[in-house]
Protein chains: 2
Amino acid sequence: MEKQTTIKDIAIALRLSTSTVSRALRDAHDIKQDTKKAVKELAEKLDYQPNKLALSLLNRQTHTIGVIIPNLDYVLSTMVKGIDEVALEAGYTVMVCQSDESFGREIVNTKRLLDSLVDGFIVSVSSETKVFEHIRKIQQKKIPLVLFDRVVNNIDCPKVRLDNVAGGIQATQHLVDQGYKKIAILAGPENLNISNKRMEGYLQTLKLNGLKVDNRFIIHCDFNQQYAYEATKELLAMRNPPDAIFTISDRMAIGAMLAIKEKGLSMPGDIGLVGFNNEPVTSLVSPSISSVEMYSFEMGKATAKLFIEMLHSEDAMQPAEIVIKPKIFVRESSLRIPLKKTKS
Amino acid sequence: MEKQTTIKDIAIALRLSTSTVSRALRDAHDIKQDTKKAVKELAEKLDYQPNKLALSLLNRQTHTIGVIIPNLDYVLSTMVKGIDEVALEAGYTVMVCQSDESFGREIVNTKRLLDSLVDGFIVSVSSETKVFEHIRKIQQKKIPLVLFDRVVNNIDCPKVRLDNVAGGIQATQHLVDQGYKKIAILAGPENLNISNKRMEGYLQTLKLNGLKVDNRFIIHCDFNQQYAYEATKELLAMRNPPDAIFTISDRMAIGAMLAIKEKGLSMPGDIGLVGFNNEPVTSLVSPSISSVEMYSFEMGKATAKLFIEMLHSEDAMQPAEIVIKPKIFVRESSLRIPLKKTKS
DNA sequence: GAAATTACCGGCACCGTTCCCGGTACGGTT
DNA sequence: AACCGTACCGGGAACGGTGCCGGTAATTTC
């Protein structure tokens, strides 16, 4: 690593003081045109770059955002892309840490970013996380914090999230409209907010349509294709099995689909299937899978925007909450009755 | 943002000098047991965290790695995951910047990370990048650099890459073994090394098996499902169309598959298809698509390991090159003659 | 022609930490 | 009593940059 040219080098070369050089470079007051020009020319020639560390030390800000996410799957990659784009635009660099759905690593990541002195945090908690002391610690230090996607109820801060209840409603209502009557749900881990909200929508819709809630049809499993596959096998092996399945993610929908095919059942005939996230894969498999779009990219951008606003408004902001509206994309896996609207 | 407790605070509270406190905290020489204990206890109580910026300014290192990648697709996310894991272990934090396959943004990202004073770079160039001055600039400043995945030939530095020629050979030879004789290739942009190398393997294999190379069957298009779809339609519309297609990525394979299906042709009967990357989607579609696995996660880990080694060995290392061996996973889209080995 | 104003530059402190060196107090040696 | 060694601590500089204040010379003002 070569030594960078500093303001001092320029000062010595031009027989000036460092303060004068500094002023010249920043077009500040108290500076003669000639000297300013000379300084700028030499700076250009020596490829001078101001040392960010020195500035950060002085100004107590690093222009860096710490992003903590549980993994880098399709949805979160897309969100990170959105965050990145907005952050870059605003002059911030992003540090992404994956907790890999592990509570322990989430804490380690928080510590790391905390003493990297990031200007703030954008966090989506892991599915393992049930205690939030590490998040509270961020708040205690008065460091800006925005939660997104997997938000937590009892933490008071700006949030960006999907209207998950609406998503659950859309998926379930669609299945009801298609004539399915025994609708099962493959939900995520029990403490996961997004999962519970989607389930809430599911339950609401069943009740609204006068359908009985069958507890055997509510299954909690990991966000994982394999688990979903096995859970579906169990569902289908029941005495009075469901005629439709709503899964909380597309990966789970794929797992369910494999189990359904293995059993020799048809979609949408024997079983209806709706997933969540609207990943590209849903339109590639056969039958294509209906899924709820959650506009990840926009959500990422909205999160970063909210965060930047917060940072610039300096002091206490009333905790805003941005709620993105989901939208179901109907495909073959659940379409028994032709729709009026064009399908995607 | 609250003021952090500094070494000075402790010094004042204990009526000591900052140097003494510093020594106490680092278990250094010249320190009485009692004072050391007192300092450490107070530090604990005040939740003292050493200021990394000050340290970085002093030691001229930030313990940060700049990673530049063209996007966050399946392959690269997986690689980043590998890099992240190893880096974290070694005490480094990763700054990921996506160029979004844009040359301009790649340069911007380089600049940004450069004046963020990262300790080194791990780079995979965008498909647009044909000029490498920005990379050279990194080298001129004697900043450690490792290229991975999309490496560049005429840059002299450690590299981690796939044996792309071998990948092309495996894919093509497999198609030949299955009795296909008119094999087309959907390659990437012309200047992209990985694409050319895979094509080299393709050409070699054709020659080795005494098959004629038909230039109409060599198509360059973007790494993109839509382009691949259209290119395939053109291929199939030819007077003497190919009987097999080798695509340089799985996304392209999907595009090709859609065109093949649309034309009413069957796989593997009428047309054989082999993709690249071995993304999960290949085994989810019907027919499942044969694909060449490139061990992205391992590649990411290997890259980070090489990088860390380089960083620790301090001075000039002979540019190592780690070459990962690919492996084809045969599936329905190209399997006409049963294999001896078990398929995946 | 003395005073006030202006234009321009340098010195110093500071951000938080470490390193090098010098100093003091105390005990033991001769 | 003079000397040496050891144990412990503090002062100052440095990393790279900025802000404040003070100073000097030239120019303007009455």
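As a basis for the values below, the full set of heavy atoms in this structure was taken, side chains included, without hydrogen atoms, waters or symmetry mates. Naming: A, B, ... by sequence-line order, numbering from 1 per chain.
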Colleague: Check the distance between C:dC15's C1' and A:Lys52's NZ and give it to me in whole angstrom.
Modeller: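 For the pair A:Lys52 NZ and C:dC15 C1', the rounded distance is 18 Å.
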
Colleague: Which range-with-range stems can be found for DNA chain C when each stem has 3 or more Watson-Crick or G-U pairs in a row and both distances sit under 3.5 Å?
Modeller: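 Looking at DNA chain C, the stems formed by three or more consecutive pairs are C:1-30 with D:1-30.
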
Colleague: Can you check the A:Ile10 CD1 to D:dG16 C1' distance for me, whole Å?
Modeller: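 For the pair A:Ile10 CD1 and D:dG16 C1', the rounded distance is 12 Å.
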
Colleague: Indicate yes or no for a side-chain donor-acceptor contact from B:Lys141 to the backbone of A:Gln4 under 3.5 Å, with no hydrogens or angles considered.
Modeller: no

Colleague: List, with names and distances, any nitrogen or oxygen atoms from the protein found under 3.5 Å away from nitrogen or oxygen atoms belonging to nucleotides 21-24 of chain D.
Modeller:
none

Colleague: Could you tell me whether a side-chain N or O of A:Asp115 sits under 3.5 Å from a main-chain N or O of B:Pro50, the two making a donor and an acceptor?
Modeller: no

Colleague: Provide, to the nearest angstrom, the distance between the CG atom belonging to B:Leu53 and the P atom belonging to C:dG16.
Modeller: 10 Å

Colleague: Atom CD of residue position A:Glu89 - does it have more than 12 heavy atoms of other residues, nucleotides or ligands inside 6.0 Å?
Modeller: no

Colleague: In whole angstrom, give the distance that lies between atom CG of B:Leu57 and atom P of C:dG16.
Modeller: 12 Å

Colleague: On DNA chain C, compare the nucleotides closest to B:Ser19 and A:Ser19; which residue's is nearer the 5' end?
Modeller: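 By nearest-heavy-atom nucleotide position, the 5'-most residue is A:Ser19.
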
Colleague: Want to settle it: does B:Thr35 or B:Leu58 sit nearer the 5' end of DNA chain D, counting the closest nucleotide to each?
Modeller: B:Thr35

Colleague: Does the side chain of A:Asn109 reach to within under 4.5 Å of the side chain of B:Leu88, using non-hydrogen atoms?
Modeller: yes

Colleague: Is there a side-chain polar atom (N or O) of B:Thr18 under 4.0 Å from OP1 or OP2 of C:dG16?
Modeller: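 Looking at the OP1 and OP2 atoms of C:dG16, neither is under 4.0 Å from any side-chain N or O of B:Thr18.
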
Colleague: Nearest whole Å is fine: how far is C:dT17 P from B:Asp9 CG?
Modeller: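 In whole Å, C:dT17 P and B:Asp9 CG are 9 Å from each other.
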
Colleague: Just to verify, which of A:Val80, A:Val123, A:Ile83 counts as forming a side chain to side chain contact (heavy atoms under 4.5 Å, CB included) with A:Ile69?
Modeller: A:Val80

Colleague: Closer than 3.5 angstrom, by distance alone: can the side chain of B:Asp119 be matched with the main-chain N or O of B:Ile65 as a donor-acceptor pair?
Modeller: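 Such a contact is absent between B:Asp119 side chain and B:Ile65 backbone.
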
Colleague: Between C:dC9, C:dT18, D:dC9, which one does the side chain of A:Thr20 approach most closely?
Modeller: C:dC9

Colleague: For the pair made of CG in B:Asn51 and P in D:dA14, what is the distance, rounded to whole Å?
Modeller: 21 Å

Colleague: Heavy atoms from C-beta onward define the side chain here; which of D:dC9, D:dC15, C:dC8 lies closest to that of B:Leu16?
Modeller: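 Per side-chain heavy atoms of B:Leu16, the pick is D:dC9.
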
Colleague: Distance check: side-chain N/O of A:Ser17 vs OP1/OP2 of C:dG10, anything under 4.0 Å?
Modeller: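 Indeed, a polar side-chain atom of A:Ser17 lies that close.
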
Colleague: Whole angstrom is fine here: how far is it from CD1 in B:Ile7 over to C1' in C:dC15?
Modeller: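 Answer to the nearest Å: 14 Å.
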
Colleague: Between the main-chain N or O of A:Ser296 and the side-chain N or O of A:Thr78, is there a donor-acceptor pair closer than 3.5 Å?
Modeller: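 Judged by distance alone, no pair lies under 3.5 Å.
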
Colleague: On the 0 to 90° scale, with breaks at 30° and 60°, tag the A:Phe103-A:His134 ring pair as parallel, tilted or perpendicular.
Modeller: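 A:Phe103 vs A:His134 ring planes: perpendicular.
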
Colleague: State whether A:Arg60 places a side-chain N or O below 4.0 Å from either non-bridging phosphate oxygen (OP1 or OP2) of C:dG16.
Modeller: yes

Colleague: Rounded at 0.5 Å granularity, tell me how far CG in B:Leu113 sits from OG1 in A:Thr93.
Modeller: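 Answer for the CG-OG1 pair, B:Leu113 versus A:Thr93, is 7.0 Å.
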
Colleague: Could you check whether any side-chain N or O of A:Ser126 sits under 3.5 Å from a backbone N or O of A:Glu128, counting only pairs where one atom can act as donor and the other as acceptor?
Modeller: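 Flag set: sc A:Ser126 to bb A:Glu128 pair under 3.5 Å.
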
Colleague: What is the separation between atom CG on A:Asn59 and atom P on C:dC15, rounded to the nearest whole Å?
Modeller: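 These atoms are roughly 13 Å apart.
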
Colleague: Any side-chain N or O of B:Arg26 under 4.0 Å from OP1/OP2 of C:dT17?
Modeller: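 It does not, given that no N or O in the side chain of B:Arg26 lies less than 4.0 Å from OP1 or OP2 of C:dT17.
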
Colleague: Counting only side-chain N and O atoms of B:Ser22, is one of them less than 4.0 Å from OP1 or OP2 of C:dT17?
Modeller: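 No, because none of the side-chain N or O atoms of B:Ser22 sits under 4.0 Å from OP1 or OP2 of C:dT17.
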
Colleague: When you get a sec, tell me which of D:dG16, C:dG16, D:dC15 is the closest nucleotide to the side chain of A:Lys3?
Modeller: D:dG16

